[in-house]
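Data first, discussion second: the structure below is written as structure tokens.
Order of the sequence lines fixes the chain letters, A, B, ..., with proteins taken first and strands second; residue numbering starts at 1 for each chain.
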Amino acid sequence: MSETTSISETPSATTTPATTTSQLTYGQAVNAALRRCLAELPDTLLYGEDVAKPGGVFGVTRGLRREFGERVFDTPISESAILGSAVGAAMLGRRPIVEIMWVDFSLVAFDQIVNQLANVHYVSRGQLRAPVVIRTQQGSAPGACAQHSQSLEAFFLHVPGLRVCMPWTAQDAYDLLVAAVYSDDPTIVIENRTLYNAAKQDVVLGGPVQQPGGLRVRREGSDATVVTWGAFTARALEAAAALAEQGVSLEVLELPWLNPFPTDEVIERVRRTGRLAVLHEANVTGGFGAEVVARVAGAGVPLRSPALRLGLPDTRVPAAPSLVAELLPGSDRIAASLRQWVLGP
Amino acid sequence: MSDQTRATDGVTGSRSRILADLHQVWRMRVFEEKVRDLRLAGDAVGSIHLGIGQEAVAVGTAELIGPDDALFATYRGHSWALACGVPPAALFAEVLGRATGTNGGRGGSAHLSAPAHRFFGENSIVGAGAPIAVGAALAGRFDGSGRVAITVFGDGAMNQGAVHEAMNFAAAMNLPVVFVCENNTWSELTPIDEMVRDPHLHRRAAAYGIPGERIDGNDPAIVRDRLGAAVRRAREGGGPTLVEAMTARLVGHYIGDAEQYRRPGELDEARRLEPTVRLAAQLRAAGAPDAEIERAEHDARAETEQAAAEALAAPLADPATAKDHLYV
Ligand SMILES: Cc1ncc(C[n+]2csc(CCOP(=O)(O)OP(=O)(O)O)c2C)c(N)n1
């Protein structure tokens, strides 16, 4: 057996490539990232249900089969085999990018993620690597049933050994996916189907490969720090804009990467405003927001108001829009909660 | 379909029987046509999966379901709910997110249930209903009901680990489960023959040591005959059976599917073989006048329109109830 069998070289971010700027939707930005990775990294494979010939149920992988041939293929509806084969192929030198159509479907194959994927590098004492990228999408959309509406990032974040990110902008949909594919750690990229066909944005393509991590200061403010991620970032910004008119100045931090998490930077920023609210689409109990609050509290940051957690109340997600509207806070309700929290009743 | 049971001659029923079947097929067909209209008009929202073209499987099964039996379907389950006797107005209301829906808006089109009608629910996780049906049969072993559990799923679901585990479990325990695979040859946008080595899915039954057969799923009489044998065997202690019912969905995987994946001529052929055409031809051959055949559709439409109007007049699911029923 040649010594190169089991571990592929960590791809290095090559010399500064030529960049271009395109107007792309979030979904097109994902497509562009996949195209780039398939072109630059011959070890990559791209597979999942309906991803190849049909181009994905959301059209995100369109054209890649034609361009890259058999490295891009459709699979049976067999999530255990999709994820397990990704683990095995990665152990033996491939760089699989697999799609789990809805995050809810990862649950039928969680073993392959938690017991298998997350253990490969650690238990082998670093002899093996599992540079697998799992692309999936989650969240609520009008009419979706309880089995197609969950926000499950906290499940993955509870598993040491996995990297987790949740892009919100088209630029991050591109950059984070490229970073994930280049990374040698197993990485879950959680997209959001309500964003795929949203308005086009300028996306810089071909820039240097980023390291996982970092935060985005989406709005500066002095009265409180709101920490959020994913599609709910938009609601935080809408609420902050509305409150600015009422004299409440909110800082909004978007965390596109949740593991690695920029704990020190978040603590520093909360220290400056003296208030911390966390907002996510996932339900509150055991949500990653609780971990953010704990880290800030654990650092002894003095707070002017008790930390606030906002998200889905602890309930299942119904299908009827009239019921969902009652549960999932919109920007109005978020603004009202934040206002009362900062200014008092 | 070379190895498909050629049972047509033996099982074609009387003219009144065929007429009744045609009426049932139309009830399901026009129900789903109306759902499509409501979805396109924006009265219903979200992803909705229609089984237009596949109704004969549900119609043929309907009267095999005994009072203590339990049926488990998929997201493509409106017809199965109707087959179990769920009132169309309650189904419409559920699809429309109304308070009077089967689940008061909690389930929606893809996850509704009506246990009082033996309809233990749709499932939006492919293959997940199969092991649950095994459990329903298991409960029957202990509650003295002699319950037969029927679980319906698609061809693509045959590649899901849960379905394999369920079949072996039921076989090993000799449980009264009928596994009904509605083979419409497509799994969303991907053809089943590219995702398995042997597209004769019923042959997998042999590996579990249980009977398996492929049947023509577009004729309620054939379905009633062959599934009837499986249900009887299950009830008499003979254990599980896998029935692969060949059919076609004449519409997209979901409402709005552009169906670019269809093979040339595929839909034309499917439209020639679909149940309404099939049953109308049988009735004509049996001497039924056109008016009688048309009345089956007409009556179904009248009933369906009324049910839809009733559902549309009902209030939206009450937000104040959104958190009810999380715990007992
Ligand atoms: C575990 C799981 N994986 C994937 C999906 C997405 N999905 C929904 S329907 C479907 C195709 C199912 O095809 P088939 O079983 O043949 O049933 P049909 O839709 O044709 O009735 C897929 C892949 C899902 N709902 N659950």
>> Show, in sequence, the C-alpha distance, side-chain angles and deciding distance for B/N159 and A/S78, and conclude whether the side chain to side chain donor-acceptor pair (under 3.5 Å) test is met.
In response: CA-CA 6 Å; B/N159 294 330; A/S78 305; 5.2 Å; no
Counting only heavy atoms from other residues, nucleotides and ligands, does the tally under 6.0 Å from [atom1] of [X] exceed 12?
{"X": "A/R66", "atom1": "CZ", "result": "no"}
{"X": "A/F68", "atom1": "CZ", "result": "yes"}
{"X": "B/F169", "atom1": "CZ", "result": "no"}

> Using non-hydrogen atoms only, which part of B/N123 is less than 4.5 Å away from chain A: side chain, backbone, both, or neither?
Replying inline: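 Looking at B/N123, backbone and side chain both touch chain A.
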> With a 4.5 angstrom heavy-atom cut-off, which part of B/A317 approaches chain A: side chain, backbone, both or neither?
Replying inline: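 For B/A317, backbone and side chain are both near chain A.
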Where [X] and [Y] come nearest, the two heavy atoms and their spacing:
{"X": "A/Q147", "Y": "B/I125", "result": "OE1-N, 3.7 Å"}
{"X": "B/G107", "Y": "A/C145", "result": "O-CB, 3.7 Å"}
{"X": "B/P319", "Y": "A/E326", "result": "O-CG, 3.3 Å"}

>> Taking every non-hydrogen pair under 4.5 Å, which of A/E49, A/H148, A/R316 racks up the most with chain B?
In response: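 Going by pairs under 4.5 Å, I would pick A/H148.
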> With chain B, which of A/S322, A/P321, A/A325, A/A141 has the greatest number of heavy-atom pairs at distances under 4.5 Å?
Replying inline: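 So the answer, after comparing A/S322, A/P321, A/A325, A/A141, is A/S322.
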>> Taking B/E194 first and then A/K53, would you say they form a salt bridge - that is, a charged N and a carboxylate O separated by under 4.0 Å?
In response: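 The answer is yes: the pair qualifies as a salt bridge.
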> Looking at side-chain heavy atoms only, is the closest gap between A/P54 and B/T190 below 4.5 Å?
Replying inline: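 Yes - at least one pair of side-chain heavy atoms lies under 4.5 Å apart.
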> Contact part of A/V57 toward chain B, heavy-atom cut-off under 4.5 Å: side chain, backbone, both or neither?
Replying inline: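 For A/V57, the contact with chain B is made by backbone and side chain together.
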>> Heavy-atom cut-off 4.5 Å, strictly under: side chain, backbone, both or neither for A/I77 against chain B?
In response: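 Its backbone and side chain both get close to chain B.
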> Of the listed residues (B/G97, B/S124, B/A44), which shares the most heavy-atom pairs with chain A below a 4.5 Å separation?
Replying inline: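 Ranked by contacts with chain A, first place is B/S124.
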> Who wins among B/G105, B/A157, B/G46 for the most heavy-atom pairs under 4.5 Å with chain A?
Replying inline: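 The candidate making the most pairs under 4.5 Å is B/G105.
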> Can A/L323 and B/T321 be said to form a side-chain contact (heavy atoms from CB on, under 4.5 Å), step by step?
Replying inline: CA-CA 8 Å; A/L323 299 180; B/T321 67; 3.9 Å; yes
